[in-house]
Amino acid sequence: MKTHRAVRTPGGLSLRVDVRTLVVGTLLLLVALTASVVLIGTGDFPIPAADVVRTLLGEGDPGQEFIVTELRLPRVLVGLLVGASLGLAGALFQSISRNPLGSPDVLGLGQGATAGALVVIVLFSGTANQVALGALVGGLATGFAIYLLAWKRGVHGYRLVLVGIGVSAVVTAVNGYLLTKSDIVDAARAIVWMTGSLDGRDWDQVWPLLALCALLVPLVLANSRGLRMMEMGDDVSYALGVRVERVRLVLMLSAVLLTAAATAASGPVGFVALTAPQLARRLTRSPGPNLVPTMCMGAALLVSADWISQRAFGAGQLPVGVVTGVLGGVYLLWLLVTERRAGRI
């Protein structure tokens, strides 16, 4: 059975389509949308899935319309956007570094965004919007520092990961210092934010993240060919006409922005950026970056984890960051055992 098919458009453009990747991406998108409908119907006032769909289409009664569109839909949309953003950022960093550990979690971008938020909370007692802005600035500053420290006639994967681990350790220490210097109220508020949660999210978090994704996702996909070539090495990429450093800078900046914006919207949600690209690659069995399937995988993971956090532990809800941390830790242990049995580690 052929896994690739050539498609020619009426305008004469020829494309090669990976059938398995297309099928996997479509199924993951359906899983994410189905989980979203189920999640919208979950709560103290349960709504059947059919009524949720009718309400989303504008045919629900006033009570259901208020609950769905004003209370629950923004939270689900933030979950979808955050999951897709983290998944895409993880795929970019892992592809650029050619290392499965090259994700924002390991490189310290989440910790950097956390540091920015803690500065606003601890030193200025800022509002929610100010905390989100501080997280965005902190993530960008950390990404810029990692890029500068890793630069030596270009940025290479092994050096990028090592510098990221070092920066992550330093920023984590800074975060601990900020917590020790805060009063009990600010410390409690900071700890809740650092856990990663979708509670209380509304349209104010949806629109900025949606606008950023609408800008960056097409930019990333437009540079996906260069990213695929770069996985074969810089010398081969230069020979094939890829402007390596330009493509790498654009994609790294995009990944940093996506990570910082996602963290600003929900707090540092762990392991989604690390596991989503690897799970998508295992399903598609494609060696490339698998950008679109990874986005769908990240969205499906986060929305499913949010449903688990609301339903699997009785009346007391867990923050979604706790659930993704547990699931991601279990996946990493399974991956290490599998790789060891295969003799690769």
Side-chain angles (χ1 to χ4, degrees), residues 18 21 24 85-110 142-169 216-217 219-259 270-295 297-298 328 331-332 335-336 338-340 342-345:
D18 188 322
T21 299
V24 169
S85 299
L86 291 176
L88 181 58
L92 291 174
F93 274 118
Q94 290 180 19
S95 182
I96 290 172
S97 64
R98 298 195 291 274
N99 189 319
L101 293 178
S103 77
D105 300 314
V106 177
L107 297 180
L109 295 177
T142 305
F144 184 68
I146 292 172
Y147 187 85
L148 287 182
L149 292 173
W151 175 271
K152 185 179 180 182
R153 295 189 297 274
V155 176
H156 302 284
Y158 187 70
R159 189 185 307 121
L160 179 67
V161 173
L162 288 179
V163 170
I165 292 174
V167 170
S168 176
L216 293 181
V217 170
L219 177 64
V220 169
L221 295 180
N223 287 275
S224 60
R225 179 184 175 275
L227 180 64
R228 182 182 290 270
M229 297 297 104
M230 285 163 54
E231 289 189 341
M232 296 186 292
D234 289 359
D235 293 338
V236 175
S237 301
Y238 279 120
L240 293 173
V242 178
R243 300 174 64 180
V244 174
E245 286 305 323
R246 175 185 174 277
V247 172
R248 182 180 286 130
L249 179 60
V250 168
L251 294 179
M252 284 188 63
L253 179 60
S254 299
V256 170
L257 282 170
L258 288 168
T259 303
F271 283 104
V272 173
L274 181 65
T275 57
Q278 299 181 33
L279 291 174
R281 185 175 294 112
R282 287 176 178 272
L283 291 176
T284 62
R285 298 179 185 175
S286 173
N290 296 286
L291 299 180
V292 174
T294 298
M295 291 174 59
M297 175 62 79
Y331 170 78
L332 278 182
L335 181 63
L336 290 172
T338 302
E339 294 291 306
R340 183 175 182 180
R344 287 189 285 266
I345 59 174

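All values below come from the heavy atoms of this structure, side chains included, with hydrogens, waters and symmetry mates left out. Keep in mind the model is a prediction, meaning the values are calculated, not measured.
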Residue pair Leu88 / Val217, side-chain heavy-atom distance below 4.5 Å
yes
Checking Met297 against Arg281 for the side-chain contact (heavy atoms from CB on, under 4.5 Å) test, could you report, in this order, the C-alpha distance in whole Å, the side-chain angles of both residues, the deciding distance, and whether it holds?
CA-CA 10 Å; Met297 175 62 79; Arg281 185 175 294 112; over 6 Å; no
Strictly distance-based, threshold 3.5 Å: is any side-chain N or O of Asp105 a donor or acceptor partner for the main-chain N or O of Phe271?
yes
Can you tell me how far the OG1 atom of Thr294 sits from the CG atom of Leu86, to the nearest 0.5 Å?
12.0 Å
Run the side-chain contact (heavy atoms from CB on, under 4.5 Å) test on Val220 and Val250 for me, step by step, so that the C-alpha distance in whole Å, both residues' side-chain angles and the decisive distance to 0.1 Å come before the verdict.
CA-CA 8 Å; Val220 169; Val250 168; over 6 Å; no
Any Tyr147 side-chain heavy atom under 4.5 Å of Leu160 side chain:
no
Could you go through the side-chain contact (heavy atoms from CB on, under 4.5 Å) check for Val292 and Leu221 one step at a time?
CA-CA 9 Å; Val292 174; Leu221 295 180; 4.1 Å; yes
How close do Ser103 and Ala273 get, counting heavy atoms only, and between which atoms?
CB-O, 4.0 Å
How long is the straight-line distance from CG of Leu109 back to CG of Leu257, given to the nearest 0.5 Å?
10.5 Å
Quick one: does Arg98's side chain get under 4.5 Å of Val161's, heavy atoms only?
no
Residues Phe93 and Ala255: closest non-hydrogen pair is CE1-CB, 3.4 Å
Could you grab the distance from atom OG of Ser85 to atom CE of Met295, nearest 0.5 Å is fine?
7.0 Å
Which atom pair, heavy atoms only, marks the closest approach of Gly87 to Ala276?
CA-CB, 4.2 Å
State, with a plain yes or no, whether a side-chain heavy atom of Leu219 is found less than 4.5 Å away from one of Ser254.
yes
Quick one: are Met252 and Leu92 in side-chain contact, heavy atoms under 4.5 Å?
no
Test of understanding: with side chain to side chain contact (heavy atoms under 4.5 Å, CB included), list the residues that count as partners of Tyr331, not counting sequence neighbours.
Thr275, Gln278, Leu279, Arg282, Trp334, Leu335
Considering all heavy atoms, the nearest Gly108-Thr142 contact:
O-CG2, 3.6 Å
To the nearest 0.5 Å, what is the distance between CD on Gln94 and CG on Leu107?
9.5 Å
Any donor-acceptor pair under 3.5 Å from Ser168 side chain to Gly164 backbone:
no
Please lay out, stage by stage, how Leu251 and Leu227 fare under the test side-chain contact (heavy atoms from CB on, under 4.5 Å).
CA-CA 8 Å; Leu251 294 179; Leu227 180 64; 3.7 Å; yes
